[in-house]
Novice: 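What follows is a structure written as structure tokens; I'll ask about it next.
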Amino acid sequence: MTTVRIRVPSTVKQGELFEIRTLIQHPMESGQRVDDNGRPVPRKILRRFVCTYNGVEVIAADWHPAVASNPYLAFFARAGESGSIEFAWTDDDGTLTRETATIQVT
Amino acid sequence: MILFRLSHGLVAALVLLTTGVAQGDDRRPPRSGLEFVAPGLRQLQEDEFANPGMLWVMRGNQLWREPAGAANKSCADCHGKEAPENAGAAAGYPRFDAARGRPVNLESRINLCRTEEMRAPPLAYESEPLLALTAYFRHAARSQSMVADDSGAMTAVVARGRQVFEQRRGAFDLACRHCHELNVGKSLREERISEGQSNGFPTYRVSWQTLVSLHRRFQACDTAVSAEPLALGHDDYVALEAYLARRGTGLAIETPAVRR
């Protein structure tokens, strides 16, 4: 079970820049460590993060093993129309974690 | 003039002596570990959103409402929809449980509720759900002062905790107090030694990249002085927890704190 935190302002003025903050719980196991018995711990990281605003990509990022666990990401978008902002994280094992936020543009 | 200087010096020496005595006294105001951390970590802790420990607090909030066990009850069924109603309670553990004749910390209190009221299996110490619930309760008590019950049957528990705190151990032959009382504020590798207060637990440790309970922190300290760590939930760790609560009385609860 993945816990996700998203912070998007509920209302924002047309044309204004606003900040989006995200935090997701994930071990980001690098695949370079060994367990207590010397066996390698298989890699398990979030490989890709995509944020779209009314279907238009705002940011897309490929993540690599050096990204810390529980990754935090903050970025800016410009307010266009009211609608939804969607977030998607893709895991190494293909699991997709999705989250949606709504925004009101005035 | 000489006499004046002499008496002046004497006064200074006396002042030094009394402050020295005051510092050895455990009634001086305690200082939170937050005062000893690097500015970046302090910022991360104080940012309600970015603080990674909040992920566990959120999970704890979900678990609070989730029914479990044969009785199909959730915490909320007995204790109300929102934990803050009981928030004060989390600040006052460990307490003495008269029915069981032993001190009970927050972790074991949660498990007693699970086994007795919810008829569910107890959560393993340091498991994600137990950490989440503990963090949730302590976070609900945030900004409240640490309180400690050291009356009645708890007197002996706190006294035992103090013994544990002062007991030399391990190949390094160090007690808790050698770092956390006698060398507070000095550097240990790249860190400043804190007073070892418990007001921020469970704490998010950046180097371990997870939330850790107070007892796991005790184990790490024991390992660091090359002593055999005790089991999580061990009587001596509970006693030490009670002593730390007594020692940190008055400090504001900061759960989830962020440490290196």
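All heavy atoms count here, side chains included; hydrogens, waters and symmetry mates do not. To find a chain, count down the sequence lines: A is the first, B the second, and so on, and within it residues start at 1.
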Novice: Report which part of B/Asn51 has an atom under 4.5 Å of a heavy atom belonging to chain A: side chain, backbone, both, or neither.
Specialist: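 Only the backbone of B/Asn51 comes within 4.5 Å of chain A.
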Novice: So for atom CD, which belongs to B/Glu46, do other residues, nucleotides or ligands contribute more than 12 heavy atoms lying within a distance under 6.0 Å?
Specialist: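 More than 12 heavy atoms, drawn from other residues, nucleotides or ligands, come within 6.0 Å of this atom.
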Novice: Check whether more than 12 heavy atoms from other residues, nucleotides or ligands sit under 6.0 Å from atom CD of B/Glu228, and answer yes or no.
Specialist: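 It does not: B/Glu228 CD has 12 such atoms or fewer within range.
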Novice: For the backbone of B/Leu55 and the side chain of A/Gln25, can you confirm whether one donor and one acceptor N or O come within less than 3.5 Å of each other?
Specialist: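 No, the answer is negative, given that no donor and acceptor are paired below the 3.5 Å cut-off.
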Novice: Which heavy-atom pair separates A/Arg21 from B/Ala50 by the least distance, and what is that distance?
Specialist: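 Distance-wise, the nearest heavy atoms are NH2-CB, 3.9 Å.
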Novice: Any non-hydrogen side-chain atom of B/Phe49 less than 4.5 Å from a side-chain atom of A/Ile6?
Specialist: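 Side-chain contact under 4.5 Å: no.
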Novice: Could you walk me through whether A/Tyr72 and B/Leu44 satisfy the side chain to side chain contact (heavy atoms under 4.5 Å, CB included) test, starting with their C-alpha distance in whole Å, then the side-chain angles of each, then the deciding distance to 0.1 Å, before giving a yes or no?
Specialist: CA-CA 11 Å; A/Tyr72 165 84; B/Leu44 188 57; over 6 Å; no
Novice: Please report the interatomic distance CE(B/Met58) to CZ(A/Arg5), rounded to the nearest 0.5 Å.
Specialist: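 Output value for this atom pair is 6.0 Å.
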Novice: Between A/Thr3 and B/Trp56, is any pair of side-chain heavy atoms under 4.5 Å apart?
Specialist: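 No, too far: nothing below the 4.5 Å cut-off.
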